[in-house]
Amino acid sequence: MAKEITSREENYSQWYLDIVKKAGLADNSAVRGCMVIKPLGYAIWENMRDQLDKRFKETGHVNAYFPLFIPKSFLSKEADHVEGFAKECAVVTHHRLMNNPDGSGVVVDPSAKLEEELIVRPTSETIIWNTYKDWIQSYRDLPLLINQWANVVRWELRTRPFLRTAEFLWQEGHTAHATRDEAIEESKLIHEVYARFAEDFMAMPVIKGSKTANERFAGAEETYTIEALMQDGKALQAGTSHFLAQNFARAFDVKFMDENNKEQYVWASSWGVSTRLVGALIMTHSDDEGLVLPPKLAPTQVVIIPIPKPLPEIMEKAEQLKKELEAQGVRVKIDKDAKKRPGFKFAQYEMEGVPIRLGLGKRDLENGTIEVARRDTKAKESIDIAGVVPHTVQLLVDIQDNLLAKAKQHRVDYTTEVNTYDEFKDAIENKGGFVMAHWDGTSESELKIKEETKATIRCIPDDFVEEEGVCVYSGKPSKGRVVFAKAY
RNA sequence: CGGGGCGUAGCGCAGCCCGGUUAGCGCACCUGCUUUGGGAGCAGGGGGUCGCAGGUUCGAAUCCUGCCGCCCCGACCA
């Protein structure tokens, strides 16, 4: 029924906000631009975090934690970096409040002004590289492969839950290496980890590629990105991995002695994904009935609903099923609420995106059956209860596969090759999605296209095909197609 | 930072133009009974400094002035 969700067709942006709110993922908070992540939204993030953390550790990384505050002077040590972040920083100027002399509450105590202001980290390169200076002396100290799970603040003018919030949760990896090649290899390794996580767990296909100079991270020499396509045809940057060359090592004077007793600057990478992935997940799979979650990330994979209510003989069977499913590694919940009726529960769990619903009623007990409903296709079937455990386990795999296949098909349907600027504008304006076009490699053409069509180069794909052609904008020679789209 | 909208119960809103008993409605909540295989029904009940400050008036949710906040769209944005 979904009587409370705006349809995607009517208003995609409102649909997204409705899902976030009605599925109970997040709420607006008392603080502008900052959201409260509710238990369901947080559980999804926890699952993402656990999976990524496991992969980081498998590839040799360890976790650490650095301060929330960064001395203002640190930020300005790398010129491009400060330029990229200066406009969106929260600044701590005082450390004490006092009662207002007029009795109207508390005010900032002017005598408690900080010697040097502190920036609430928008990203931690500077504080971390300032620390690495003390940790690295020799090539024997390298590589340094550190990740941190943290919150950061970017004072965005316009925010949207999960996609862009003033404060968000993320992980940021910061690695230090003895050679240029090793640092590049590291950033590519994580690029691959991100892409595989997106496809294998989020069931979200991504295009892997490199950013153009204009779209690169502030302070990076190369930015690798995974770009996903949302249902409305807009692109979403889902994870970036940067090769920072020696920029931060120079800015913070981080040198090491190599095998030949020669002093050298350290090579660096940094990489991150954020709670934005939760937004990506919503906009990749969900529908007008609510959230749709891929089984691998769903906090609850299977919900068992006793019908009409939790009667003892039904509960006995339900508990038995739960145990058997859990033995197979399935995350199961039994809805024991005796007050709410089955119809309400069906709608509720559809809203919350639970992949499989098992309806177990008195009739089923008599017939030896059970109703199996899958969230992705909304298909329902009544099966022999004896086979429900293996059936459910297999169905979770099928749903995961189906969601990925559907998303892949959507991407195929919304990827267009164009050869002229008219075709380009038509595709961007009327169809949306990824538009594959020749580009002459200049910032000038890239910026003009952005100005005229709002489309940006999402990436130069890793599987870039050498192909003679001419730039759709300038008509100058081009060596191959790059990926354009309007983006979030 | 521009454009638009909104602040009245936990949520969603009406009332305001045209000032006048005790500020309403739906959902949610509490109690009871009947229900329960796709968002239950009936009965009863609780919950409000009408965003803040000032002004006009015998009387302000309503009129006037100022302020504050939030949301949406746009610009900006690793």
Side-chain angles (χ1 to χ4, degrees), chain A residues 1-6 11-14 16-18 21-22 24 27-35 75 78 80-89 104-105 121-126 152-161 163-166 168 170 172 211 214-220 222-225 236-242 244 270-274 276 289-290 305-311 314 335 337-352 357-367 369-371 373 378 380 382 450-451 454 456 486-488:
Chain A
M1 198 154 305
K3 57 185 176 189
E4 289 162 353
I5 297 183
T6 306
N11 183 341
Y12 191 84
S13 163
Q14 189 58 48
Y16 176 80
L17 293 167
D18 284 352
K21 191 151 204 178
K22 305 284 163 55
D27 271 341
N28 287 325
S29 73
V31 184
R32 191 206 70 96
C34 296
M35 64 179 170
L75 206 67
E78 212 287 334
D80 289 336
H81 192 66
V82 67
E83 169 141 1
F85 287 104
K87 283 177 285 187
E88 50 187 32
C89 284
S104 67
R121 61 183 167 212
T123 180
S124 302
E125 273 79 3
T126 55
V152 289
V153 168
R154 296 181 189 175
W155 213 264
E156 301 286 353
L157 294 176
R158 193 176 156 221
T159 59
R160 311 185 67 190
L163 295 176
R164 180 171 289 107
T165 46
F168 56 94
W170 78 341
E172 50 181 325
K211 287 292 188 188
N214 285 324
E215 301 278 331
R216 219 171 266 156
F217 176 73
E222 186 75 88
T223 288
Y224 301 103
T225 179
L236 185 78
Q237 177 178 305
T240 47
S241 177
H242 318 289
L244 302 174
S270 73
W271 29 273
V273 295
S274 72
R276 168 180 259 204
E289 267 71 51
I305 300 185
I307 299 167
K309 62 182 176 182
L311 302 166
I314 298 174
D335 189 319
D337 191 332
K339 289 282 187 192
K340 299 211 165 51
R341 301 168 81 202
F344 180 89
K345 294 176 181 178
F346 296 167
Q348 189 59 35
Y349 290 109
E350 275 160 16
M351 182 79 86
E352 291 174 11
R357 182 183 78 234
L358 299 177
L360 185 61
K362 282 191 284 194
R363 229 153 53 201
D364 292 305
L365 287 186
E366 286 159 20
N367 303 337
T369 57
I370 190 164
E371 185 182 77
K378 305 280 302 286
K380 283 193 292 196
S382 188
K450 182 178 179 182
E451 194 182 311
K454 300 205 169 94
T456 50
K486 281 192 198 169
Y488 274 99

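Since this is a predicted model, take the numbers as computed values, not measurements. Protein chains get the first letters and strands the later ones, always in sequence-line order, with residue 1 at the start of each. Heavy-atom basis, side chains included; hydrogens, waters and symmetry copies ignored.
The CD1 atom of A:I314 sits 10 Å away from the C1' atom of B:G37 (whole-angstrom rounding). In this structure, the CZ atom of A:R160 is 8 Å from the P atom of B:C72, given to the nearest Å. Computed from coordinates, the A:I5 CD1 to B:G39 C1' distance equals 13 Å when rounded to whole Å. Straight-line distance from the CG atom of A:D337 to the C1' atom of B:U36: 12 Å, rounded to whole Å.
The side chain of A:R32 approaches B:C70 more closely than any other nucleotide in the set B:C70, B:U36, B:G39. Which of B:G39, B:U36, B:C77 sits closest to the side chain of A:A347 comes down to B:G39. With B:C77, B:G39, B:U36 as the choices, the nucleotide that has an atom nearest any side-chain atom of A:E88 turns out to be B:C77. Picking from B:U36, B:G37, B:C77 the nucleotide with the shortest atom distance to the side chain of A:P308 gives B:U36. In the set B:G38, B:G37, B:C1, B:C1 carries the atom at the smallest distance from any side-chain atom of A:L157. Of the candidate nucleotides B:U36, B:G38, B:G37, B:G38 has the atom nearest to the side chain of A:E350.
Along RNA chain B, the nucleotide closest to A:Q14 and the one closest to A:G359 are compared, and the more 5′ of them pairs with A:G359. Position along RNA chain B of the nearest nucleotide to A:N214 versus A:K380 favours A:K380 as the more 5'-ward residue.
In this structure, A:F346 reaches the bases: a heavy-atom distance under 4.0 Å links it to at least one base atom across the strands shown. Base engagement by A:R164 is indicated by at least one non-hydrogen atom pair under 4.0 Å involving a base atom. Nucleic acid contact class of A:L17 (heavy atoms, under 4.0 Å, all strands): sugar-phosphate only. Across all strands, A:R357 comes closer than 4.0 Å to base atoms (heavy-atom distances). Base engagement by A:K362 is indicated by at least one non-hydrogen atom pair under 4.0 Å involving a base atom. Residue A:S13 is classed as a sugar-phosphate contact, given heavy-atom separations below 4.0 Å to backbone atoms only. A:G361 comes within 4.0 angstrom of a nucleotide base, judged by non-hydrogen atoms across all strands. Using a 4.0 Å heavy-atom cutoff across all strands shown, A:F168 reaches at least one base atom of the nucleic acid.
In this structure, A:E172 contributes its side chain and A:S124 its backbone to a donor-acceptor pair below 3.5 Å. Judged by distance alone, the side chain of A:R276 and the main-chain N or O of A:F168 form no donor-acceptor pair under 3.5 Å. A side-chain donor-acceptor contact under 3.5 Å links A:K345 to the backbone of A:D337. Counting only distance, with no hydrogens or angles, the side chain of A:T369 and the backbone of A:S382 share no donor-acceptor pair below 3.5 Å.
Atom name C1', nucleotides B:C70 and B:G51: the rounded distance is 10 Å, in whole Å. Nucleotides B:G26 and B:G5 place their P atoms 30 Å apart, quoted to the nearest Å. For B:A28 and B:C11, the P atoms lie 16 Å apart once the distance is rounded to whole Å. For the C1' atoms, the distance from B:C63 to B:G20 is 14 Å, rounded to whole Å. A gap of 26 Å separates the C1' atoms of B:A23 and B:C67, to the nearest Å. One C1' atom belongs to B:A9, the other to B:A53, and the distance between them is 24 Å to the nearest Å. The P atoms of B:A14 and B:G7 are separated by 7 Å, rounded to the nearest whole Å. Comparing B:G15 with B:C30, their P atoms sit 31 Å apart, to the nearest whole Å.
Contacts of A:E352 classified as side-chain hydrogen bond (donor to acceptor under 3.5 Å, both in side chains), with partners at least two apart in sequence or in another chain: A:Q348. Listed by chain and number, the residues in a side-chain hydrogen bond (donor to acceptor under 3.5 Å, both in side chains) with A:T223 are A:H242 (sequence neighbours excluded). Take A:T159 and apply the side-chain hydrogen bond (donor to acceptor under 3.5 Å, both in side chains) test, not counting sequence neighbours, and it matches no residue. A:R357 meets the side-chain contact (heavy atoms from CB on, under 4.5 Å) test with A:V303, A:I305, A:F346, A:E350, A:E371, A:A373, A:K380; sequence neighbours excluded. Remark: A:A86 engages A:V82 in a side-chain contact (heavy atoms from CB on, under 4.5 Å) (not counting sequence neighbours). Shown here are the side-chain contact (heavy atoms from CB on, under 4.5 Å) partners of A:A218, two or more places apart in sequence or in another chain: A:F85. Remark: A:E83 engages no residue in a side-chain contact (heavy atoms from CB on, under 4.5 Å) (not counting sequence neighbours).
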Tabulate atom names and distances for all N/O pairs under 3.5 angstrom spanning the protein and nucleotides 40-45 of chain B.
residue: B:A40; atom: OP2; partner: A:R341; partner atom: NH1; Å: 3.1
residue: B:A40; atom: O4'; partner: A:R341; partner atom: NH1; Å: 2.2
residue: B:A40; atom: N9; partner: A:R341; partner atom: NH1; Å: 3.4

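Heavy atoms from other residues, nucleotides or ligands lying under 6.0 Å from NZ of A:K21 number 12 at most.
For B:G37, its base never sits under 3.5 Å from the side chain of A:E371 at any donor and acceptor pair.
The phosphate of B:A75 has OP1 or OP2 within less than 4.0 Å of a side-chain N or O from A:K454.
Base-pairing analysis of RNA chain B finds the following stems of at least three consecutive Watson-Crick or G-U pairs, with both pairing distances under 3.5 Å: B:1-7 with B:68-74, B:10-13 with B:24-27, B:29-34 with B:40-45, B:51-55 with B:63-67.
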